[in-house]
Amino acid sequence: ESIFVLRGNWMLTGVFFPAAELGLLLKGGVGGATARAVEVGTTGTGRSITKIGFGTSVGVAYDISFGPTVSLTPGIDFLYQWIDDPDVRKAGLLLFTIGVTWH
């Protein structure tokens, strides 16, 4: 038997440009979070349990322009989950991202 734990956040995120001429941007969001445990048996059958809670995020990124209409945007975000269940731990996740922006 194997147990897999899957976590996810879905949220509304705002972006603030404190120094647009420098390419710096700050991000923050609130929304929901899920934690799902999946148990898979040796025959391929299994069961799962999903818990839902609150999620939030904060982050920072930097726009690097490649011409007048395209930017590469590396960033770092911290996501946190609160799920009100004694069997589910609160969790934090650090994400390193690279985005491409057309403007």
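If you're wondering where the values come from, they're calculated on a predicted model, not measured in any experiment.
- Sorted by first then second residue, the side-chain hydrogen bond (donor to acceptor under 3.5 Å, both in side chains) pairs that include residues 55-68, not counting sequence neighbours, are D63-T73.
- Counting side-chain heavy-atom gaps under 4.5 Å among Ile, Leu, Val, Met, Phe, Trp and Tyr, the cluster of F78 also holds F16, L24, L26, V30, F54, V58, V60, I76, Y80, W82, L94, F96.
- When all heavy atoms of H103 and S71 are compared, the closest pair comes out as NE2-OG, 2.9 Å.
- Legend: salt bridge (Lys or Arg N to Asp or Glu O under 4.0 Å) pairs involving residues 90-103, not counting sequence neighbours: none detected.
- Sorted by first then second residue, the side-chain hydrogen bond (donor to acceptor under 3.5 Å, both in side chains) pairs that include residues 4-19, not counting sequence neighbours, are R7-Q81, N9-Q81.
- The side-chain heavy atoms of V100 and L72, taken from C-beta on, include a pair separated by under 4.5 Å.
- Listed by first and then second residue, the side-chain hydrogen bond (donor to acceptor under 3.5 Å, both in side chains) pairs involving residues 15-38 are K27-D77, R36-S48 (not counting sequence neighbours).
- Note on M11: it does not cluster hydrophobically with I52, by side-chain heavy-atom contacts below 4.5 Å among ILVMFWY residues.
- I98 CD1: 12 or fewer foreign heavy atoms inside a 6.0 Å radius.
- The salt bridge (Lys or Arg N to Asp or Glu O under 4.0 Å) search around K51 returns D85, not counting sequence neighbours.
- Side-chain heavy-atom separations under 4.5 angstrom define the hydrophobic clusters, and the remaining members of the one that includes V15 are F17, L25.
- In this structure, L95 shares a hydrophobic cluster with L79, L93, the cluster being traced through Ile, Leu, Val, Met, Phe, Trp and Tyr side chains under 4.5 angstrom apart.
- Linking ILVMFWY side-chain heavy atoms closer than 4.5 Å, directly or via other members, places V5 and I49 in two distinct hydrophobic clusters.
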